[in-house]
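Presented below is the structure to which this report refers.
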There are 2 protein chains.
Amino acid sequence: MATRINALGTASKRPTILDVAAACGVSPATVSNVLAEKRHIAESTRALVLEKVRELGYVASATARGLRMSRTWSIGVVVGDIANPFNPEVVRGIEETLWAKKNSLILCNTDSVSERKVAYLQNLIDKHVDGLILISQSLTQKEANALDMSRLPPLVTINRFSEVIEGDHVTVQNEGGVRELMQHLFDLGHQRIAFIKGMTSSTSAKERYDAYRSSMKKMGFPVDRNFVIQGDYTMESGVEAANKLLELPGLPTAIVAANDAMAIGVLGVLRDRGVSVPNDISVAGFDDIFMARHPLIALTTVEQPKYETGATAARLLLERIEDGPETAVRRVTLDATLKIRGTTGHAKPD
Amino acid sequence: MATRINALGTASKRPTILDVAAACGVSPATVSNVLAEKRHIAESTRALVLEKVRELGYVASATARGLRMSRTWSIGVVVGDIANPFNPEVVRGIEETLWAKKNSLILCNTDSVSERKVAYLQNLIDKHVDGLILISQSLTQKEANALDMSRLPPLVTINRFSEVIEGDHVTVQNEGGVRELMQHLFDLGHQRIAFIKGMTSSTSAKERYDAYRSSMKKMGFPVDRNFVIQGDYTMESGVEAANKLLELPGLPTAIVAANDAMAIGVLGVLRDRGVSVPNDISVAGFDDIFMARHPLIALTTVEQPKYETGATAARLLLERIEDGPETAVRRVTLDATLKIRGTTGHAKPD
DNA sequence: TTGAAAGCGCTAACAC
DNA sequence: GTGTTAGCGCTTTCAA
């Protein structure tokens with residue numbers, strides 16, 4: 001007859017390394033060494049220790065070990081908003097990689113609010129995390145000054161590169177991806193192409209915008225000032241941008257958004273206003289978030305390998321923690337892939 | 001001229017409480033008490049300590065304090081897959097609540113694989129987290145046996161209630177929500193209503209299915225065996241279920257899925273097959289995930305307050321940690337709200 | 001091959 | 001009001 005498990009916090013005291021040592025008639029140092037496989041131990045004692053460890057259900061206290069070794073085996077992951085569809089897949093990649101090396105992931109949502117970011121980072125530094133990963137978040141000089149940077153652990157940035165920080169970095173081929181996308185639109189006969197930008201503080205947003213401009217320029221197509229709208233990577237800003245664009249006297253034949261969330265916002269507006277996609281206007285994004293793939297959305301976009309991005313960042317961080325500050329800074333740029341779906345088609349003739 | 005911040009892990013040694021004490025000419029205990037605001041300290045020394053603390057940039061080591069107080073101020077959150085759109089919003093709710101009380105969130109993805117769940121839980125127990133939250137995950141007796149339950153910290157379950165575990169629990173009005181949804185369909189003239197179930201191991205899935213059956217029964221409508229398909233809450237299983245339903249000789253006029261992910265999978269299939277929604281078939285889900293609200297999806301569904309669900313679970317857990325195992329087990333059931341959108345319409349006449 | 005002992009940085013009990 | 005001291009549970013020299 002099984003008894004129900006009490007999950008109310010009646011945890012019994014755990015055995016310590018002393019308990020195991022006493023049970024075996026050896027010193028705690030020996031137990032420690034058996035478990036850490038550090039120095040050679042007689043096979044007989046080794047077996048005995050292992051047996052008692054299992055018998056007592058002994059597990060070393062991560063806290064005590066952390067105090068002694070000044071490590072926490074935990075990594076702070078700072079993200080604007082975990083509910084933003086781009087992020088969970090990146091976080092998964094990080095998490096899998098950390099788990100494989102027995103590190104914990106401490107998740108922090110900053111809401112992209114500067115004060116909150118600073119507070120969270122300080123908290124993580126104070127908590128003595130072994131490393132930090134910033135997803136699409138960066139640090140301004142001002143924010144950095146507000147922090148106690150002298151105690152900063154190794155930090156890896158994803159997507160947003162900061163001049164202020166000298167550290168490892170993972171990003172995607174933003175220019176190449178957008179250029180490929182633009183070429184796709186040119187091939188379909190588009191010339192009047194609008195662009196919805198991300199925040200200029202984001203290097204990835206800047207690169208995507210630059211690639212849009214240079215692609216247009218290379219084709220000899222003018223960039224109408226009104227065709228460049230400032231967004232902030234949220235779906236709402238995509239909605240606003242679309243509304244602005246639709247007010248214009250001369251409509252664009254295609255709208256490219258610097259990320260999928262904004263592009264999907266645009267699609268919603270066009271749908272509500274009865275504008276046919278891609279017959280009247282083509283729409284494209286960047287990221288290839290989960291939602292973009294659904295048949296009802298079918299957004300043409302540029303895929304950023306999100307899981308791999310996260311996994312790479314975690315790998316770089318773990319290696320940095322291992323190797324120390326001596327080895328050179330590393331910047332990894334992953335490939336972007338154009339995904340042609342249903343929202344792009346031939347340009348509507350004037 | 002600003003120097004760049006080195007993020008490679010050249011952190012300098014932090015000052016300890018002894019450094020502060022020495023700088024002030026007081027004992028470490030006094031410093032500790034000033035910071036903890038435990039016992040009364042002369043205003044003059046208090047001010048001095050505070051000044052030196054700021055001057056040296058002293059922050060107490062969470063590790064040392066944790067060892068001493070046997071607390072970690074961190075909470076393990078175990079989730080099947082953070083990339084599953086239901087979860088991020090719940091996690092946000094948890095995270096905000098924990099942050100307000102200075103607790104950290106350790107995120108764990110189990111992929112809903114039993115072994116992995118057990119391994120993760122054991123890891124969290126070993127890490128001495130102060131509490132645990134399981135989102136839509138439960139523990140079978142077998143899994144529980146594989147764990148060292150004697151050291152289990154307080155645990156709160158979300159959505160999936162386990163008979164095996166005696167602990168606090170947060171869920172939503174599953175029966176009420178589905179009944180309301182069914183009534184909406186009945187009002188539209190639907191009688192041939194198919195249902196895509198979740199895993200029977202999930203109490204919420206079971207409750208939603210039961211409500212479907214009892215609603216049908218109450219109306220005197222037969223439940224065709226073929227109209228009940230087993231899914232697993234993933235979009236893919238919704239796709240499979242829709243394909244099965246469309247093979248049937250007599251089609252249903254409406255398809256209700258036990259969650260939005262499956263319903264959205266159904267919508268994709270219907271779209272691909274040229275079945276008009278809601279003209280030919282109505283579709284509805286449960287949860288009201290972000291994607292369901294988009295104009296191109298516009299899924300009729302029952303909203304589960306996800307953020308609030310997470311926030312409530314975190315609050316219950318923190319209170320449980322504070323109050324200890326003595327106070328009675330609490331079960332909170334949040335309200336579900338019917339959201340009528342574009343995927344439900346009048347039943348197609350035979 | 002093993003043990004003894006110091007100490008990681010903190011808090012709490014006990015003194016004064 | 002404040003100081004002294006004993007650990008929390010572990011790893012790691014240094015000795016044997």
Side-chain angles (χ1 to χ4, degrees), chain A residues 11-50 52-53 56-74 102 125-130 151 153, chain B residues 11-50 52-53 56-74 102 125-130 151 153:
Chain A
S12 57
K13 203 183 155 307
R14 337 186 339 171
T16 74
I17 200 167
L18 267 69
D19 297 323
V20 179
C24 298
V26 299
S27 77
T30 299
V31 176
S32 173
N33 282 308
V34 167
L35 264 21
E37 297 179 340
K38 278 251 170 167
R39 61 187 185 191
H40 200 67
I41 303 282
E43 191 45 43
S44 57
T45 45
R46 209 184 87 87
L48 176 63
V49 167
L50 255 22
K52 290 295 176 190
V53 161
L56 297 173
Y58 169 75
V59 191
S61 153
T63 312
R65 180 186 276 155
L67 181 58
R68 182 58 229 238
M69 302 177 74
S70 53
R71 283 208 40 186
T72 55
W73 295 275
S74 48
K102 297 289 166 223
I125 294 173
D126 296 348
K127 269 219 163 112
H128 246 247
V129 292
D130 293 341
R151 254 89 83 175
Chain B
S12 57
K13 204 183 156 304
R14 329 183 353 165
T16 73
I17 201 167
L18 266 68
D19 297 322
V20 179
C24 299
V26 299
S27 76
T30 299
V31 177
S32 173
N33 281 309
V34 167
L35 264 21
E37 297 178 342
K38 278 249 167 164
R39 60 186 185 189
H40 200 66
I41 303 283
E43 190 45 42
S44 56
T45 46
R46 209 183 86 88
L48 176 63
V49 167
L50 254 23
K52 291 293 175 190
V53 161
L56 297 173
Y58 169 76
V59 191
S61 153
T63 314
R65 180 187 278 155
L67 180 58
R68 181 61 230 242
M69 303 176 73
S70 53
R71 282 209 40 189
T72 56
W73 296 276
S74 49
K102 297 288 164 220
I125 294 172
D126 295 348
K127 270 222 162 105
H128 245 242
V129 292
D130 293 340
R151 254 91 78 175

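Bear in mind the structure is a predicted one, so any value in this text is a computation, not a measurement. To find a chain, count down the sequence lines: A is the first, B the second, and so on, and within it residues start at 1.
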For this session: Please identify each residue that fulfils side-chain contact (heavy atoms from CB on, under 4.5 Å) with B:Ser27, with sequence neighbours left out.
Result: B:Ala29, B:Thr30
For this session: Starting at atom CG of A:Leu18, determine the distance to atom P of C:dA4, rounded to an integer number of angstrom.
Result: 11 Å
For this session: List in chain and number order the residues that pass side-chain hydrogen bond (donor to acceptor under 3.5 Å, both in side chains) with A:Asn33, two or more places apart in sequence or in another chain; answer none if no residue qualifies.
Result: none
For this session: Check the distance between D:dC8's C1' and B:His128's NE2 and give it to me in whole angstrom.
Result: 11 Å
Exercise. Please give, in whole Å, the distance from D:dT2 C1' to B:Leu48 CG?
Worked result: 14 Å
For this session: Can you tell me which residue pairs pass the side chain to side chain donor-acceptor pair (under 3.5 Å) test with a partner in residues 56-68 of chain A, sequence neighbours excluded?
Result: none
Problem set entry | Shortest side-chain distance from B:Met69, nucleotide among C:dA12, C:dC10, C:dT2 | C:dA12
Exercise. How is B:Thr45 classified with respect to the nucleic acid when contacts are heavy atoms under 4.0 Å: base, sugar-phosphate, or nothing?
Worked result: sugar-phosphate
Exercise. So which pairs with a foot in residues 16-41 of chain B pass salt bridge (charged side-chain N to carboxylate O under 4.0 Å, His left out), sequence neighbours left out?
Worked result: none
Seminar exercise, completed: When rounded to whole Å, the CZ to C1' distance for the pair B:Arg65 and D:dG7 reads 17 Å
Grab the N/O contacts between the protein and nucleotides 14-16 of chain D below 3.5 Å, and write none if there aren't any.
none

For this session: State whether the side chain of B:Arg14 and the backbone N or O of A:Asp126 hold a donor-acceptor pair below 3.5 Å, judged by distance alone.
Result: yes
Seminar exercise, completed: By side-chain hydrogen bond (donor to acceptor under 3.5 Å, both in side chains), B:Thr45 pairs with (sequence neighbours left out) none
Exercise. Can you name the side-chain contact (heavy atoms from CB on, under 4.5 Å) partners of B:Lys102, sequence neighbours left out?
Worked result: A:Asn123, B:Trp99
For this session: Please list residues of residues 20-35 of chain B whose heavy atoms come under 4.0 Å from any atom in DNA chain D, ordered by number; otherwise none.
Result: B:Gly25, B:Val26, B:Ser27, B:Ala29, B:Thr30
For this session: Remember a base hit wins even if backbone is also touched, and classify A:Ser70 as base, sugar-phosphate or nothing at under 4.0 Å, heavy atoms.
Result: nothing
For this session: In whole angstrom, give the distance that lies between atom CD1 of B:Ile17 and atom C1' of D:dT5.
Result: 14 Å
Exercise. Base, sugar-phosphate, or nothing: which does A:Leu67 touch, judged by heavy atoms less than 4.0 Å apart?
Worked result: base
For this session: Report the distance from atom CD1 of A:Ile41 to atom C1' of C:dG3, rounded to the nearest whole Å.
Result: 11 Å
Exercise. How close or far is atom C1' of C:dC10 from atom CG of A:Asp126, stated in whole angstroms?
Worked result: 15 Å
Exercise. Does the side-chain contact (heavy atoms from CB on, under 4.5 Å) test come out yes or no for A:Val53 and A:Val59, once each step is laid out?
Worked result: CA-CA 8 Å; A:Val53 161; A:Val59 191; over 6 Å; no
Exercise. For B:Ser44 and A:Tyr58, take the nucleotide of DNA chain D holding the closest heavy atom to each; which residue's nucleotide lies nearer the 5' end?
Worked result: B:Ser44
Problem set entry | A:Lys38 side-chain N/O to D:dT11 phosphate OP1/OP2 under 4.0 Å | no
Exercise. In whole angstrom, what separates B:Arg14's CZ from C:dC8's C1'?
Worked result: 12 Å
Seminar exercise, completed: Residue set satisfying salt bridge (Lys or Arg N to Asp or Glu O under 4.0 Å) with A:Lys52, at least two apart, ordered chain then number -> A:Glu55
